[in-house]
Each structure stands twice: as structure tokens, then as C-alpha cells.
Amino acid sequence: MDRTILGLLAILAAFLAGSLLLPSWAVSLATVALAKALVILGLLVLLRAGLVPFGQALFFALGAYGAGMALREAGSGDVVAGLFAGTAAAASAAVLLGFLMARYREIFFAMLSLAFSMLLYGLLVKNAALGGTDGFNVPAPTFLGWAPSPATARRVLLAVAAALAIGCHAAIHVYLRSTMGRLATAIRDNEIRVEYLGASVQRAIHVKFAIAGTLAGMGGVLTAFSAGHIDPGMSYWTASGEFVFVTVMGGAGSVLAPIAGSFLFEIVRTYAVEYAPQAWQAVVGAVLLVIILVLPGGLWSLFQRRRGTQPP
Amino acid sequence: MTALLSAAGLNKSFGAVVAARDVHVDVAAGETIGVIGANGAGKTTFVNMVTGYLKPTSGTIRFAGEDVTRLPPRAIVRRGIGRSFQIPQVFGTMTAVENVLVALGVADARGLSPWRPFARPDVVGHARATLERFGIAAHGDSEARLLPQGVRKLLDVAIATVRRPRLLLLDEPTSGISAEEKFAVMETLMQALRAGQVTVLFVEHDMQIVGRYAGRVIAFYDGTVIADGPPDRVLDDADVRRHVIGEAHGRARP
Amino acid sequence: MIWTAILIDGVVYAAWLFIVALGLTLVFGVMKILNVAHGAFYAIGAYAAASLIGVWFAGDRPLVGGYVLLVVASLAVGLVMGTLLERGVLRLVYGRDEVVAALATYAVFLILEDFILLVWGTDPYFAGEPATALGADDWFGLAVSNYDLLLVAVAAVVGLLLWLGLNRTRTGKLLLAVIHDREMSAAFGIDVTLMFTMTFVLGAFLGALGGALTAPKISVAPGIGVEVIVLAFAVVVIGGMGSIPGAVVGALIVGLARAAAVLLLPSVELFVVYAVMTLVLAFRPYGLFARAQARRI
């Protein structure tokens, strides 16, 4: 079996153990990191094709609000139902918007995506029924009728998040090695040639956009459960900027990069907010700047010998 | 004889600039056609219209009896027309083998797979064999953007043949290649293509290459066809000598 | 009546947006860099102006000095921050992908946000004197702040000066040449590097000026740069990235749309701005005043 899959399995085992052993603050941190790793995994799929959306928070927020609204309606806190509702909301939006987005490239792709995310933000902040700028609370997680104590529920949530996130990472790993997945590099390099080989570039990008949106939605649902709260800030451009930042920081070299990047980011954030609350954005900015200038391939490129020789 | 390709009355204008006027070209299966003409005479415009990159302002293009005039490039490619480009259109950050693998994956009759590995051993073997036919197997593991121009040109044609097109349009296959290498490149190309029994239409500035490889020559001038026939007749045609060979390539015929 | 109010509010809002977006679109037009840090220039301009005005009016000094200080503050910010950024960071990303360049400016934006907190802290600043001193007059039965009218006048003058500068001076014409075709301009011996620095400093100045002029009207607090930058993006995208007439039209569209929403249907205030942005992108991806470039094969 290939090394990436083995690595993912090891990470899954570590998380499952962690869900039992970690102190409670670390449980939340790990859950959020995994949730955001899903968003970043989706961005990686797009980044491979040279596409960088500046509004991926749209799907993150749609996932969270989709789950939150459905659960509020049903008066339940069921994680499985929430995952279905939120992911479905984000996925359908991604499929729908994909028809338009797939025709855009570069800065125009980035800007249209930003516009969509800000549209949602504009709707959410003024919607009194959804709590406006304050948002609303998500009920304590339950699992298919099982309602453990809140402390236990958080641990179970981490285990669920780990299983889901690792599963998705493995699936995307297989996808990225496939013909369809590798078409991303071809599209980034030369769209005209892709068309002249007989493939539809738009369709390929549409599929990637749908995948990315679905993953972001799933990440949004998990974040909502972990934080116990949803607000319009999830759709704001700064949230999108942060996702792009972590994606670029990790690099597009491997599906392990989103997990590593997301963790590193959450840990640095937690400590920085604790010890240097007034300088933590500056630290993040400086790191981003250094990576852009020194490591165009992201942190992951440190582990690679050379492009093109990565194990298939 | 039914024509494999039949272009009738093609016109194309960009605003006030007329790039093609009333172009008629019929191609029979098995031909090897050289297209000549000065820069801006409408050669590439013709190739771009046949392959769907440009839509003609008026006129029709039929391929194997089917009207393909309004089809997008990928649909035309799927029907059996391939092309190469003046500036080679390859995947720069991928290796030569990977370039062919993309072509093979896209051509796969089972469709683009979201899970079958891109580089399966059997397909990689097939890809290397393709490069071998074009004499560039030694460059298989180099990134395409780092390859010499001649190799990139051959790679450009090689990936266009993966789908086994019935008609292949080569836009200046030897441009940007040094005079010494031109014949070697063309020789390799034509051998590989003849082995696949492809009908070939190539745009070329070098009259010696046209004279050696073309079975029929079409001369363009000012957006239209001014001569069409056997090489010796077309290349000796007074209009052709004045408008095509005289203008840009007097030195090519000693 | 309400339509008059929409028109007046919309134009005032547009004037403010225009000054901010002008710098953004100019920098994009010349350098092909979408400068996220523009929001920080705006915020620093506002803070610098608020601080200076606070000091000035602490003593019993003449009113007119306050207005001079607004401009001085933005000039200083533009010169210092603009030069520093262009020389220190941006020249390292020239030639890289547009998105990468935008990300680099995003990183700078994050750093500057904390720099602002470090210098000015989290408490809001008020510097209302230049605005309140002018009072308000009655126009068409509406009380209109004279400072707002001044703002519209300033926007018009800035726009006019820039237009004249670009079309009537040698440097301006060279700059237009660079916008039109960078490689060709370099080939003709235009010092593109110098043009870039000048443009960026000018852009930073305009961003800071937008902030400084707004400072008397608002409470200057953390987060103002974050808000303004997306709005300026919307203006620039609607008008066409890099187009100066586009910035005028884009600002007016956004200004009027937002004023209409605020007065008619407040619940869609922000939504309406991005709805316009989305519609323009959907039907004219390159904006109202810019064109696509074909690729040669």
C-alpha cells in the first residue's frame, strides 16, 4: 500500500487515541484543525489546476448554516443529520455556481468567488431570523439518538471528524493520482492543449469546484458543532483569506499537507493569541510572505526532492 | 471520390481585417498536403477554422460527410482531426512521458477516470513506445518546458496522434528549428505518421521540405487559395513565385 | 424626496469610494497587482489624520490647518508606506502570477493591521472638527453636511487632476503606454521600474487620502481597512480592473445602489453591492470598461 495512505491511517489512529486521551482544550483544537483541513483539501484540488478562490468561505458558511438551520428546525443536535444537511447545502450550491465559475480563470475566478461569498455575508448579517451579526448557537452534538454528556460528545465528535477527514483525504489522494486528477496540472499548464486532446476543461474545473465546495461545506458543519456557534464571519473575506493562506503555506504537493498545515496554523494561532494577541496576525503575515518569496511550492516542497519524481 | 475533409466558401474577418476569403479545400484520405504562403496569407487561420479554434464568418466545413463548422475543438478532435501548433502546446511542468499519459488518459474509451491511477505500468509502457516512434524516448523523463525546441515540436505532434486521428494538421512543424535539424525532424515525423496511415496537411515555409514531403501543395495569398495541385506545378506557378516564394522565400529555391 | 436623498447620499458615498478605488485600479492597471494592502493604507491614513487633527485642535488653532493636515497625513503615509512596500516587497513578486502577488499584499495587509494596533491601540479615535465646523445646509429640503459636499468636490478635483496628469503630461502619457503594453513600453526605453514605484506611491497616497478624508466623519477604529478593501474591490471589478473611467462609474453604481438600499430596503444594504459585482462579473467578466486579451497559438 502506498506511503501516503499508510501515513493517513497512522494519523487516523493517532486521532482516535487522542479523542480518548487528549485534554479537552486540545480536543477542540484538533476537531477544528481537522474541519479546516477539509476546506484546505478542497482548495488544494483547485490549486492544482492553478485556481485560487478568494471566497471559499462561502461553502464553509453554507455548510455551517445549512446544518445549523436544519437542526434548529428539527430541534435536534444530531451530527449525522447535520453533516448531511450542511454538506448537501454546500454541495448543491457548488454544483450550481460551478456552471458559472468554470468559465473563469485567474484573478476573475478569485473575484467572482469573493463576490459570491460576500453576497452570502450580506444576506446573513441582515437576517434577524438567523441572529444577524451575532449568529446563533448549535445544540450540543448527539449521535444517531445517543446523547452523551457534553464532554464525552466533544470527544466522540473528534473521532467522527477524524474518520471523516481522513477518509476524504484518502479519497482525494486516489483522485489526485487518477487521470482526472492529474488533468489539473495539464489544465494549469495549457488549457488549449487539453481541449485539443479532446477533453472539456470547463467540465473538469466544474467537477473540481464541486469537490472543493463539498469538502468546505463538510468542514463548516464540523466547525459549527465544535464551536457550538455559527455567525456570518464564517463567510467573510478574511475567513477565505485564511484558508488560502494555509493552503499556500502547506503547498499542493501532497494530501498530507492540508492536515499538517491546518494543525500548524491552529496551534500557532492558539499560542499566539495567548502570548502575543497584538502581533499574531503580523506573525501569520510574515510567515505567508516568507513562504511566497522563498518556498513557492509551500512547506511541503521541503520534503520533496524534485517536482515530477513524487511517488505517483 | 468522397473527400475526407471538405471546406467550402470559408470567410473570416476580424473587424475590418479579412483573414480568409472564399477558401475552398478538399482533402482525400491518404494525401500528404503542404500548405504554403507568406505570413498573414491565411494558412494558420485556415487550420484554426478547421479545428474549431476560430468560427468562420461564413462557409461550411465537412469532415467525413459531417458538418463540423460550429463544433468546439474537443468535439472536432473526438471526430478524428488532430493538430499541432506553431508554438508547441505541451504541458510544460510535466515530463514528456506524462504529457503522453495525459493524452492517453483523455483518449481512454472508458472516459476520464477519477480513481484509476494516471501512471499505470502498462500505460506508461504505451507512452514510452509513442515517444519512441517519434525518436524522443530519451527525453521521456525531462520536464517539457526544459526540452529543446525540436523535441518539443515532436512531442506536440506525438500527443496529437494518441487518439489516432484520421486527419492531422501540422502548423509549421519545423519553425524555430535550426536549418540543419529541420530535415531530420521532418523525416522522423513523416515516418511516424506514415506508419499510422494518417492523412496529413502541414503548413510550411521551407520550400525544399514542401517539395520533398508534399504530394500536393496548396498556396495561400491574401486570405485565399491561389494555387492547388502537384508540387512541381504549384511551385512553378507564376503567381505563387511572385506572391509566396518571391516575397519571403526566394533563398529557399536555389 | 427620498430619491433626492438617495441621489445625494449615493454621490457622497461614491465620492469617497472613488478616491479609495482610484488608487487600487491605478496600481492594478500599471502593475497588474491587486493590492489588498490598500485597505491598510486607507486605515493608516485615517489614523494618521485623526491623530494629527487631535493634536492640532487640542490647542486653539485655525480651522484651515486641519484640512491641510488631512492632506499632509495622506502624503506622508503614501510616500513612506508606498515606497517601503514597493521597494521592499512587491519588486520581489514582479513576474509572478497575479494571484501570488495578491497573496503577498494580503500578507502585508495582515502585518500592517497589527502595526496599526501596535501604534494606535484598540480604542477608537474621533476627529470630527473639520466636518462639524462646516455645518450643514438645506438642499432641496434635506440637511446636507457641507463636509460631504467638500468630499464630492475633492473627488472630482482628484479625478480631474489625475486625468489631466495622465493625458496632458509626458510622464502621464508614458504611464498610459505602460498600462497599454508593458513589454512594448520597456522595449521602447520607458523606465518601467520607476513608473511602478511612482504609480504605487501615488496609489498608496490615494488610499491614505480616502482614509484621511473619512476620518472626520467616523470613529476611527480597528477593522476599517478590512471593510473598505472589499468594497473597493467591488468598485474596481464593476468598472473594469485598471480602468480609471471604470472607477468613476463603478463608484457611482455602488454608491447609488447602496444609498438606495439603505433608504428603501436596509436589509439588503451590503447584499446589493455584491449583487451588482456578481452580475457584472457574470455578464461582463472584464468589467464595464476593460477588454479581454486574445491568446495567440
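Proteins come first, then strands; the chains are lettered A, B, ... in the order of their sequence lines, and each starts at number 1.
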* To do: Sort by residue number and list every member of residues 145-158 of chain B having a non-hydrogen atom under 4.5 Å from chain A.
  => B:Asp156
* Report the residues that fulfil side chain to side chain contact (heavy atoms under 4.5 Å, CB included) with B:Ala192, sequence neighbours left out, ordered by chain and then residue number. => B:Phe134
* To do: Check whether B:Arg163 gets within reach of chain A through its side chain, its backbone, both or neither, counting any heavy atom under 4.5 Å.
  => side chain
* Asked: Are a donor atom and an acceptor atom from the side chains of B:Glu204 and B:Thr174 found within less than 3.5 Å of each other?
  -> yes
* To do: Sequence neighbours left out, what passes salt bridge (Lys or Arg N to Asp or Glu O under 4.0 Å) with A:Glu195? Give chain and number order.
  => B:Arg74
* Asked: Given that the side chain runs from C-beta out, which part of B:Val162 has a heavy atom under 4.5 Å from chain A: side chain, backbone, both or neither?
  -> neither
* To do: Go through the side-chain N and O atoms of B:Thr60 and B:Asp67 and say whether any donor and acceptor fall under 3.5 Å apart.
  => no
* Could you check which of B:Gly52, B:Pro117, B:Ala75, B:Pro114 has the highest count of heavy-atom pairs closer than 4.5 Å to chain A? => B:Pro114
* Structure fact -> Interface check, chain B: of A:Leu197, A:Ile187, A:Val174, most non-hydrogen pairs under 4.5 Å belong to A:Leu197
* To do: Give a yes/no verdict on a cation-pi contact between B:Arg83 and B:Phe85, requiring under 6.0 Å between NZ or CZ and the six-membered ring centre and an angle within 45° of the axis.
  => yes
* Asked: Who pairs with A:Ala186 by side chain to side chain contact (heavy atoms under 4.5 Å, CB included), at least two apart in sequence or on another chain?
  -> A:Leu183, A:Val194, B:Phe91, B:Met94, B:Val102
* To do: Check the angle between the aromatic planes of B:Phe220 and B:Phe46 and answer parallel, tilted or perpendicular using the 30° and 60° thresholds.
  => tilted
* **B:Asp26 and B:Arg62 ion-paired at < 4.0 Å** => no
